[in-house]
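One structure is given here, and the rest of the page talks about it.
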Amino acid sequence: IKIKPNHVDIWYNKGIALGLLGRHQKAIGCFEQAIKINQNHVDAQINKGNALGLLGKHQDAIECFEQAIKIKPDNVDALYNKGSAYLRLEKYEEAIGCFDKALKINPNIASVWHNMGLSLGKLGRYDMAIKCFDNAIKLNPNYENAWHNKGLALGKIGKHEEATKCYEQARKINPDY
C-alpha cells in the first residue's frame, strides 16, 4: 500500500483478508478506499455490504448492494445479499422481490431458493415455501437447512409425518443438527 497507495486491488484484497480475520470494521475501511479509487468496483460494494451486515448494519448493507446493482443490474450476488439483508430486517416482501430477480437471472442457486422459502414461510405462504425448499434440495441434496426448514413448513400445514422425514434427513446429513 505504501508503494502503490492507489492500487484498487491491494485495498480490496486487504479488505477481504481483514474480513476473513473477523476485523469487519477495518475491512469496511479498505473496501471504502477501493471504492474511492474505482467507484464501479462491484465486488468492493458487495463485500462492504457483507461486512456491514456482519456488524448488524443491514440497512447500510442494503445501500451498498443497491450501489452494486446500479453498476451491474444482473449481479446475482448483490441481489441475493440485498434480499438476505431485507430478510434479517423482517422485510419479507422486499426480500422476495430481490430473490425473485436473482432467480430470473440464475435459477440454479440453492441458497437463493432457500432464502426465498424462508421469506415466504415468514409470511405464512407455506405451500410456496415448500416448493422453494424443494428447489434448493434438488440443487443441493445435502442442504441440511433446506431439509429442516421444509420440515418446519410442512409442520405448519399439518403434514407432521412428512415433516419428521425432513428433520431425519437433516440429521442424516449433519448428526449435530
| task | Run the numbers on Arg125 and Glu93 for salt bridge (Lys or Arg N to Asp or Glu O under 4.0 Å), then give the verdict. | result | CA-CA 12 Å; Arg125 300 180 200 161; Glu93 291 291 351; 2.3 Å; yes
Would you check if [X] and [Y] make a side-chain contact, meaning some heavy-atom pair closer than 4.5 Å?
| X | Y | value |
| --- | --- | --- |
| Cys98 | Tyr80 | no |
| Phe99 | Leu79 | no |
| Lys150 | Lys165 | no |
| Ile96 | Leu123 | yes |
| Tyr143 | His114 | yes |
| Lys131 | Asp127 | no |
| Lys48 | Glu32 | yes |
| Glu90 | Tyr92 | yes |

Membership question, hydrophobic clusters at under 4.5 Å side-chain separation (ILVMFWY): are [Y] and [X] in the same one?
| X | Y | answer |
| --- | --- | --- |
| Ile62 | Ile28 | no |
| Leu154 | Leu118 | no |
| Leu139 | Ile109 | yes |
| Ile69 | Leu87 | yes |
| Ile35 | Ile46 | no |

| request: Kindly determine whether Asp134 and Lys138 satisfy salt bridge (Lys or Arg N to Asp or Glu O under 4.0 Å), including the steps that lead there. | output: CA-CA 6 Å; Asp134 283 338; Lys138 182 179 174 186; over 6 Å; no
| Cys30 and Tyr12: side chain to side chain contact (heavy atoms under 4.5 Å, CB included), yes or no, with the steps? | CA-CA 6 Å; Cys30 292; Tyr12 174 74; over 6 Å; no
| request: Taking atom CD of Glu66 as the centre, report whether more than 12 heavy atoms of other residues, nucleotides or ligands fall under 6.0 Å from it. | output: yes
Sidechain-backbone polar pair: [X] side chain, [Y] backbone, donor-acceptor under 3.5 Å:
| X | Y | value |
| --- | --- | --- |
| Trp113 | Ala146 | no |
| Asn149 | Asn145 | yes |
| Asn81 | Asp77 | yes |
| Trp147 | Pro141 | yes |

| message | Just verifying a value: how many Å separate Arg23 CZ and Lys14 NZ, rounded to the nearest 0.5 Å? | response | 8.0 Å
